[in-house]
Number of protein chains: 2
Amino acid sequence: MSAFSESETGNGRGNGSATKIQEKNRGRILEAAFSEFAQFGYRGARIEHIAAAAGMSKSNLLYYFGSKKDIYKAVLADLLDIWLAPLRTLDPEGDPREELSAYINQKIELSARYPEASKLFANEVMQGAPMIGDVLEGSLKALVDEKAQVIRTWAANGKIRPVDPHHLIFMIWATTQHYADFATQIRALTGTGIEEAEFRKSAEETVASIVLDGVVARQG
Amino acid sequence: MSAFSESETGNGRGNGSATKIQEKNRGRILEAAFSEFAQFGYRGARIEHIAAAAGMSKSNLLYYFGSKKDIYKAVLADLLDIWLAPLRTLDPEGDPREELSAYINQKIELSARYPEASKLFANEVMQGAPMIGDVLEGSLKALVDEKAQVIRTWAANGKIRPVDPHHLIFMIWATTQHYADFATQIRALTGTGIEEAEFRKSAEETVASIVLDGVVARQG
DNA sequence: GCTCGATTTGACCGTTTGGTCAGGTTTTAC
DNA sequence: GTAAAACCTGACCAAACGGTCAAATCGAGC
């Protein structure tokens, strides 16, 4: 695992810079919390489970993060960084087919590498986004509005068929995240999953081909 | 609300057939439990919330369903009936374009009418399907295998492009359920949602057109 | 090797939760 | 109308939970 940052939220006493031990333990906690929150949601998660998974006592965990909500906030902050990165790379100047294809692949890779991030995000949103509602309405909306305009421009220039940008984005989110969120179901039905390279490749190809052939005029 | 059946699971004492009162109260409980479990997941759900929402005391609720797990099981049993119905109607004899289009529309209608069912199903699966794992591997797998064969036959007969049936089914599930599961995000980004007829219609049209144009040769 | 702050722990507390129980009230059957 | 069964409730319980705290331990700088 990687990509877990600091996310200042009251460790032991008011301090300046983080020590090596702090860095290590905060990382462990966030990693463990990620799994726990992803699997059980905020209310279902148990602080003691997280502590055990992080290899420390509950008391010590609460020395680093003052409360359950603090841990959750820190985890979500890290999550959003990871989760929204691919959309930012959608380039208005690029070829729509290549851009969308790359975006789909990035999202699937992300679902494969951080399946728990996907589940955690889904969980938070499904509960009404009590913690990240402002982010959704603020910076995410701004980002999506911007990229929707990119898609509209592509359509106006005849590079893709006219299509509602929001629905297109939702489709890509839905299909790619599905492989992480519903991994259990997929494994039950196919005997494999996105963790395995072969299946991941076929998922990427099928999703990309259907979406692209649906949105962009066929090129072959 | 409707479509809540009995789902025998230990009411007060060993009995034969259900009374009017039983029918009414079990229905209320299942309805309330549906919302609660959908929003908070199994562990996050609170028995007392369900009782309050059903307009009765916690003790009385436990008179009808012996334990939290019993309620959850009953809710899931009802859920599966509702949730898997549309796929059964996929007709091998029908026109692929019409069949898939109808299936997509049915799934979106279902997401619009029972958004909580969608969330509940997602929640259960995201936690590893501890309660319905056997159903997924058993009757659902059988159903999906059957319908996958239908899709393969369509492809073999040149009625649709060759496409992995599983991925196609997952795409339809993902896109249609997304409108229920991520309703909060969708509302934050678009200001509307699948509950509203206009938006639902545009969702149906966009999803259907992209999927169909991606899978079936264009007919325009 | 001493000191002082950072780190860690176990004991503890108040609250919440799922579930039980004895007994009261209502409905049903005759 | 009355007895039995069905229904309902409030008081109660044990376990689990999030969180506090005093005290023990560790580690870097001198």
Side-chain angles (χ1 to χ4, degrees), chain A residues 6 8-30 32-33 35-37 39-76 127 130-131, chain B residues 6 8-30 32-33 35-37 39-76 127 130-131:
Chain A
E6 357 61 41
E8 304 299 339
T9 326
N11 71 329
R13 322 301 165 199
N15 68 334
S17 56
T19 63
K20 271 272 179 263
I21 295 181
Q22 266 181 43
E23 202 175 320
K24 183 192 69 180
N25 282 345
R26 282 175 165 271
R28 279 192 189 169
I29 293 169
L30 288 176
S35 310
E36 180 78 3
F37 283 125
Q39 201 176 352
F40 301 113
Y42 177 73
R43 291 173 68 167
R46 295 291 111 104
I47 254 184
E48 201 148 13
H49 285 188
I50 299 173
M56 68 183 68
S57 68
K58 187 182 63 169
S59 306
N60 200 26
L61 182 149
L62 285 165
Y63 168 74
Y64 287 100
F65 293 88
S67 73
K68 187 181 183 181
K69 190 171 276 184
D70 280 349
I71 311 173
Y72 189 61
K73 280 182 189 172
V75 165
L76 283 180
Q127 288 183 21
M131 223 69 195
Chain B
E6 358 61 42
E8 304 300 338
T9 324
N11 70 329
R13 321 300 165 202
N15 69 332
S17 56
T19 63
K20 270 273 181 261
I21 294 181
Q22 265 180 44
E23 201 174 321
K24 183 191 69 179
N25 282 345
R26 282 175 164 272
R28 280 190 188 171
I29 292 170
L30 288 177
S35 310
E36 180 78 3
F37 284 124
Q39 203 176 350
F40 301 113
Y42 176 73
R43 292 173 66 166
R46 296 290 108 106
I47 257 185
E48 200 146 15
H49 285 188
I50 299 173
M56 68 184 66
S57 68
K58 187 181 65 169
S59 305
N60 199 26
L61 181 149
L62 285 164
Y63 169 73
Y64 287 100
F65 292 89
S67 71
K68 187 181 183 181
K69 190 171 278 186
D70 280 350
I71 311 172
Y72 189 61
K73 281 183 189 170
V75 165
L76 282 180
Q127 288 181 22
M131 223 68 195

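Chain identifiers are assigned alphabetically (A, B, ...) following the order of the sequence lines, protein sequences preceding nucleic acid strands; residue numbering begins at 1 within each chain.
Rounding to whole angstrom units, CZ of residue F40(A) and P of dC17(D) are separated by 11 Å. Distance, E23(B) CD to dA6(D) P: 16 Å, rounded to whole Å. Remark: P of dT20(C) and CZ of F65(B) are 15 Å apart, rounded to the nearest angstrom. Rounded to an integer number of Å, the gap from E48(B) CD to dC8(D) P is 17 Å. dG19(C) atom C1' lies 20 Å from atom OH of Y72(B), rounded to whole Å. Between the C1' atom of dA5(D) and the NZ atom of K20(B) lies a distance of 19 Å, rounded to the nearest Å. Here dG19(C) presents its P atom at 11 Å from CZ of R46(B), a figure rounded to the nearest Å. In this structure, OH of Y64(A) is placed 18 Å from P of dG19(D), rounded to the nearest angstrom.
Within the 4.0 Å cut-off from OP1 or OP2 of dT7(C), at least one side-chain nitrogen or oxygen of Q22(A) is found.
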Are there any protein N/O atoms within less than 3.5 Å of an N/O atom in nucleotides 9-11 of chain C, and if so, which ones and at what distance?
| residue | atom | partner | partner atom | Å |
| --- | --- | --- | --- | --- |
| dT9(C) | OP2 | S57(A) | N | 3.2 |
| dT9(C) | OP2 | S57(A) | OG | 3.0 |
| dG10(C) | N7 | S59(A) | OG | 3.2 |
| dG10(C) | O6 | S59(A) | OG | 2.5 |

Write out a two-atom table: protein N or O, nucleotide N or O from nucleotides 25-27 of chain C, distance below 3.5 Å.
none

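A cation-pi arrangement is found for R26(A) relative to F65(A), the charged atom lying closer than 6.0 Å to the ring centre and inside a 45° cone about the ring normal.
Residues Y64(A) and L30(A) have side chains not in contact (no heavy-atom distance under 4.5 Å, counting atoms from C-beta outward).
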Derivation of the side chain to side chain contact (heavy atoms under 4.5 Å, CB included) call for R28(A) and K24(A): CA-CA 6 Å; R28(A) 279 192 189 169; K24(A) 183 192 69 180; 4.1 Å; yes
One pair to check against side chain to side chain contact (heavy atoms under 4.5 Å, CB included): I71(B) and F37(B). What are the steps and the verdict? CA-CA 10 Å; I71(B) 311 172; F37(B) 284 124; 4.0 Å; yes
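In this structure, of dC17(D), dG19(D), dT8(C), it is dG19(D) that holds the atom nearest to the side chain of L62(A). Minimum atom distance to the side chain of K68(A) is reached by dG18(D), of the listed dG19(C), dT7(C), dG18(D).
Not counting sequence neighbours, the partners of Q127(A) by the side-chain hydrogen bond (donor to acceptor under 3.5 Å, both in side chains) test are N123(A). Every residue two or more places apart in sequence or in another chain was checked for a side-chain hydrogen bond (donor to acceptor under 3.5 Å, both in side chains) with Y42(B), and none qualifies.
Residue contacts for A45(B): at a heavy-atom cut-off of 4.0 Å it reaches the sugar-phosphate backbone alone, with no base atom in range.
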Enumerate, atom names and distances included, each donor-acceptor pair closer than 3.5 Å involving a side-chain atom of residues 44-61 of chain B, sequence neighbours excluded.
| residue | atom | partner | partner atom | Å |
| --- | --- | --- | --- | --- |
| R46(B) | NH2 | R43(B) | O | 2.7 |
| H49(B) | ND1 | E36(B) | OE2 | 3.2 |
| S57(B) | OG | N60(B) | N | 3.1 |

